[in-house]
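Residues: numbered from 1 along the sequence shown. Counting starts at 1 for both ligands and their atoms, following the listed order.
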Amino acid sequence: MNTNEFRNHAHDLVDWMADYLEQVGEYPVTPPVNPGDIKKQLPNAAPLHPESFESIFQDFRSIILPGMTHWQHPGFFAYFPANNSEPSILAEMLTATMGAQCMLWFTSPAAEELEERMMEWLRDMLGLPSGFTGVIQDTASSSTLVSILTAREYRTRYEINRRGFTPEEKFRVYTSTQGHSSVDKDVKIAGIGIENLVKVEVNEEFAMIPAKLEEAIQKDIADGLVPLCVVSTIGTTSSTAIDPVEEIGAICQRYNLWHHIDASYAGTALILPEMRWMSKGVELADSFVFNPHKWMFTNFDCSAYFVQDRQALINTFSILPDYLKTPEDKQVNNYRDWGIPLGRRFRALKLWFVIRTYGISGLQEKIRSHIQYGQWLKEEILTSPGVELMAPVPLNLACFRFSPGNLTSEKEVDALNEKILEQLNKSGNVFLTQTRLNDKVALRFVAGQTHTCLDHIQKGWDFIYKTGLSFSDY
Ligand SMILES: *Cc1c(COP(=O)(O)O)cnc(C)c1O
């Protein structure tokens, strides 16, 4: 493909992209496909001879698109959103075009310095302490792994990196029973072992009980184990429960533990001063992560990781083979030393585009409206017969279930809700996911799409409620 052909195809694609964004609501939000349906349409072997762009794009439309889940669909209420936005998409186009690999300052000075500035902007936008230094990671899973590894190395004066574990290093990591599964994965990868991840009990609002945390730490110390790190959560994945990070932070200080805050989803809401109660005590934390790629209109991937002791982070990850040495090493940040991969995408550009396009006030307005939709949903659930609210709604996720009066056993109610969910998701109108709260099936409705408005939420809820009630004679 030469640049002239590229120019023409690119113009066509931009038209297609704008149409897609306008019409995404007309697709079924989840595709009606079975496992293997897409693969069997793809040739067994790569083409020997060149193919035209027209035929490639035709196949994109006829094979790939019908097999996509449309995450930007106004009926997408599942998981947490992975929002994009027009400015973010445009920045990703430029990033792809320049194709820079941003592992060192030297390999793209502007990328490194823009990232530094964007992390300062984000830190201040969220009201995080000025002592925090930020770096963009791919995902929150990696950020939390980076945090646990840093805690491990800081604690052992970087000795495990050198000599591996000794039998004395019987580390314990704590999170709540509602902590994200990435914490489980990360303690495994960090060599700590899943048996040494302590799941601390939560209260009736699904927030960690600090007294239970302290009890667990004391018991472990008495048993000769070594408490290392607590991962608390602002906005759990099941129900956006908010751990009391101030009390947890104080416990961590008392027992000399690393405190990492996982605010992957809900961190974005800290842009709102009225939501800063969630992060009270954040200055006691050692590290903090939130994902602009979830709720801040920035294409996946973009995870903002902040750390108090940046030297501990760098000491944990730094490597300096001769082929990576540069004359500026002493004056600049080389982000290859701030996380796991060597190679890095230029992710700061999309943040810059997004933050400038919306402005802080525009972001606040959107987030605030999403939270209002969450509150609207909560009222609707509380006042509609036959449905039950399953958890508090501090933000824009409502957990609920259908519970018709004629069902007496919890098992039947669970089965009913699973059936309703299946029916809803087969409709192509909406997409919801489920969780378990107090061992009961709960359906999750997240109102956080970039362009979602109350009308979408009302229509979505209306459809869900009617569908659920139609099962009531089940
Ligand atoms: C989504 C989520 C994660 C994982 O995020 P990734 O960036 O996909 O790794 C971790 N913790 C919480 C609380 C989340 O909601």
**Q.** Residue of the set T156, L197, I148 for which side chain to side chain contact (heavy atoms under 4.5 Å, CB included) holds with F171
**A.**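 In the set T156, L197, I148, the residue that makes a side chain to side chain contact (heavy atoms under 4.5 Å, CB included) with F171 is T156.
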Q) Can you name the residues that form a salt bridge (charged side-chain N to carboxylate O under 4.0 Å, His left out) with R444, not counting sequence neighbours? A)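 Once residues adjacent in sequence are excluded, R444 has no partner under the salt bridge (charged side-chain N to carboxylate O under 4.0 Å, His left out) criterion.
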Q | Pairs flagged by salt bridge (charged side-chain N to carboxylate O under 4.0 Å, His left out) wherever residues 255-270 is involved - sequence neighbours left out | A |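 Qualifying pairs: none.
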Q: Compute the ring centroids of W258 and Y174, then answer whether they are less than 6.0 Å apart.
A: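 Not close enough - the centres of the two rings lie 6.0 Å or further apart.
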(Q) Between K199 and D184, does any NZ, NE, NH1 or NH2 come within less than 4.0 Å of an OD or OE carboxylate oxygen? (A)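 Looking at K199 together with D184, the answer is yes, because their closest N to O distance falls below 4.0 Å.
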(Q) Tell me which pairs pass ring pair (Phe, Tyr, Trp, His ring centres under 6.0 Å) where either residue lies in residues 414-442, with sequence neighbours left out. (A)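 Residue pairs passing ring pair (Phe, Tyr, Trp, His ring centres under 6.0 Å), neighbours aside: F76-F431, Y79-F431.
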Close N/O pairs between ligand 1 and protein, under 3.5 Å:
residue  : atom   : partner : partner atom : Å
ligand 1 : 7 (O)  : A140    : N            : 2.7
ligand 1 : 7 (O)  : N291    : ND2          : 2.9
ligand 1 : 7 (O)  : H293    : NE2          : 3.3
ligand 1 : 9 (O)  : A140    : N            : 3.4
ligand 1 : 9 (O)  : S141    : N            : 2.8
ligand 1 : 9 (O)  : S141    : OG           : 2.5
ligand 1 : 11 (N) : D262    : OD1          : 3.3
ligand 1 : 11 (N) : D262    : OD2          : 2.6
ligand 1 : 11 (N) : S264    : OG           : 3.2
ligand 1 : 15 (O) : T237    : OG1          : 3.0
ligand 1 : 15 (O) : K294    : NZ           : 2.9

